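Computed from a predicted structure; not experimentally measured. FYI, side chains are in, hydrogens and waters are out, and symmetry mates aren't considered; it's all heavy atoms of this structure.
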Amino acid sequence: MNIAWKEMKKNKSRFLILGSIVFLISLLTFIISGLANGLSQDSAGLIKDLPEGQFYMTKEAGETYSLSRIDNSLQDKILNKQKDAVAFSIQMGLLNNTDGKQQSVAFVTSTDSKMFKNVKKGEIALDRSMKDNGIKVGDALTTNQYNGKFIVKGFVERSKFSHAPVAYVSIKDYKEIYRLNEMQLLFIPGGNSKQTFAELESFSKNQFLNTISSYKAEQMSLNMITWFLVVISGMLFSIFFYMMNVQKMGLYGILKAIGVKTSTLFNMMWTQMVLITVIALSISIVLSQVFNRIAPKGMPFSLTPETTVQLSLVFLMIGFVGATLSGIQIKKVEPLHAIQQGEV
């Protein structure tokens, strides 16, 4: 520890450059990860906030929930057998506010369940983001496919689908809007893939989320960028310590000649890596959490402590692997040969 710290003080500029680059890469990674989480919540918060369980849609739908139509008799049979199960449907549509302006929403209806907001005929419950648009409890909203008016009964938190606020309506109103008599999906909380039903295909929560094309494309792109940055940080550590080790071959030879063990040299290198990474990560975590708090309301950004800890551990592991791979040459150093090179 003492040797590692002395070398860092002696070569401050080199280690400062490395620490600055690690800081910038880790900060960018945290920001992109926060955007990925925020977009996933904005794209499928309705589904993500449900407990773990199994989703079911018809096999003929080809993993496209909007094409699924579950037979009413089969639905009733499953709901009677599975007391916590719920049938629900989702369709995109438009709502007209009191000023006649249109707002894109995801209309959702379900059988009686605590997992979904249930309303009576002629009533509607909206995601809280609609409140920011000036809509209040008691307002009368309309849609072109519905003859009557919807009275706003309340707002729900974090209920988005396909980047649109969710609008909960009754089953009768939903059927009148879309001229459909069947529900699209069944959900059994705590269920497992072994529960199969004729004509229905089963999905876990993650599997079902990946059937939503917009969600899958967004998350795949952002996650690829995140992990690409993590890999770059590992390569950065490897290159930096490799160059440092090449310049210090003579020093390593002398240290080995006076009895310093190879493990001690590795510990020195690992200590330097940990110090640089921890300091850089600490600064980037503070700044990313500050950004998390001051980000505009309309920006889909969510960086949870769990995600921050996971990425920090990944950075430390990648840094450890990168530094270790670059240090393999230390083990091969022959004291006499290194000293004769004159590179001290």
Side-chain angles (χ1 to χ4, degrees), residues 1-34 225-293 303-333 335 338-339 341 343-344:
M1 175 69 179
N2 191 37
I3 299 175
W5 182 246
K6 283 183 177 179
E7 186 186 4
M8 291 179 70
K9 287 197 295 184
K10 182 181 178 182
N11 300 288
K12 284 184 286 190
S13 58
R14 293 180 182 177
F15 286 97
L16 184 61
I17 291 172
L18 176 63
S20 299
I21 297 174
V22 173
F23 158 69
L24 292 172
I25 292 177
S26 60
L27 179 61
L28 183 58
T29 304
F30 286 134
I31 297 297
I32 292 176
S33 181
I225 295 172
T226 299
W227 290 110
F228 184 67
L229 289 171
V230 171
V231 171
I232 287 177
S233 69
M235 294 174 62
L236 179 68
F237 274 111
S238 298
I239 294 169
F240 177 82
F241 282 106
Y242 176 81
M243 297 304 295
M244 291 284 288
N245 292 337
V246 167
Q247 295 174 0
K248 295 187 297 183
M249 283 300 176
L251 174 62
Y252 290 147
I254 293 173
L255 291 173
K256 278 194 169 185
I258 62 177
V260 177
K261 295 181 179 178
T262 302
S263 60
T264 303
L265 299 178
F266 268 97
N267 286 333
M268 180 182 72
M269 185 175 58
W270 290 331
T271 300
Q272 291 171 342
M273 181 277 299
V274 170
L275 285 172
I276 294 170
T277 307
V278 168
I279 293 172
L281 284 175
S282 298
I283 299 172
S284 60
I285 287 171
V286 170
L287 291 179
S288 61
Q289 288 301 321
V290 169
F291 183 78
N292 193 25
R293 292 181 179 277
L303 185 60
T304 62
E306 292 80 6
T307 302
T308 303
V309 171
Q310 288 172 0
L311 283 174
S312 298
L313 292 175
V314 170
F315 268 109
L316 285 169
M317 288 193 305
I318 289 291
F320 176 81
V321 172
T324 303
L325 289 175
S326 70
I328 292 176
Q329 56 192 320
I330 296 175
K331 190 176 181 180
K332 299 178 181 178
V333 170
I339 293 171
Q341 288 181 339
E343 297 176 359
V344 180

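Atom-to-atom distance recorded for Lys12:NZ and Ile17:CD1 is 13.5 Å, nearest 0.5 angstrom. Separating the CD atom in Gln310 from the OG1 atom in Thr304 is a distance of 7.0 Å, to the nearest 0.5 Å. Between Thr307 atom OG1 and Asn292 atom CG the span is 10.0 Å, to the nearest 0.5 Å. Here the CD1 atom belonging to Ile318 is positioned 11.0 Å from the OG1 atom belonging to Thr277, to the nearest 0.5 angstrom. For the atom pair CG of Leu18 and CE of Met273, the computed distance is 10.5 Å after rounding to the nearest 0.5 Å. Within the model, atoms OG1 of Thr29 and CD1 of Ile232 stand 8.5 Å from one another, a figure rounded to the nearest 0.5 Å.
The two residues Leu27 and Ser288 make their nearest non-hydrogen contact at CD1-N, 4.1 Å. Between Ser284 and Phe30, the closest heavy-atom pair is OG-CE1, 3.4 Å. Heavy-atom minimum distance, Ile285 versus Ser312: CD1-OG, 3.4 Å. When every heavy atom of Ile276 is checked against every heavy atom of Gly19, the shortest pair comes out as CG2-CA, 3.6 Å. Across all their heavy atoms, Ser26 and Leu281 have their closest contact at CB-CD2, 3.7 Å.
Residues passing the ring-ring contact (aromatic ring centres under 6.0 Å, His included) test with Phe266 are Trp270, sequence neighbours excluded. Ile283 meets the side-chain contact (heavy atoms from CB on, under 4.5 Å) test with Phe23, Ile279, Leu287; sequence neighbours excluded.
Phe240 and Phe15 have their aromatic ring centers within a separation under 6.0 angstrom.
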Go through Leu303 and Phe291 one step at a time and tell me if the side-chain contact (heavy atoms from CB on, under 4.5 Å) criterion holds.
CA-CA 9 Å; Leu303 185 60; Phe291 183 78; over 6 Å; no
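The shortest distance between side-chain heavy atoms of Met317 and Val321 does not fall below 4.5 Å. Counting heavy atoms from C-beta on, the side chains of Leu28 and Ile225 never come closer than 4.5 Å.
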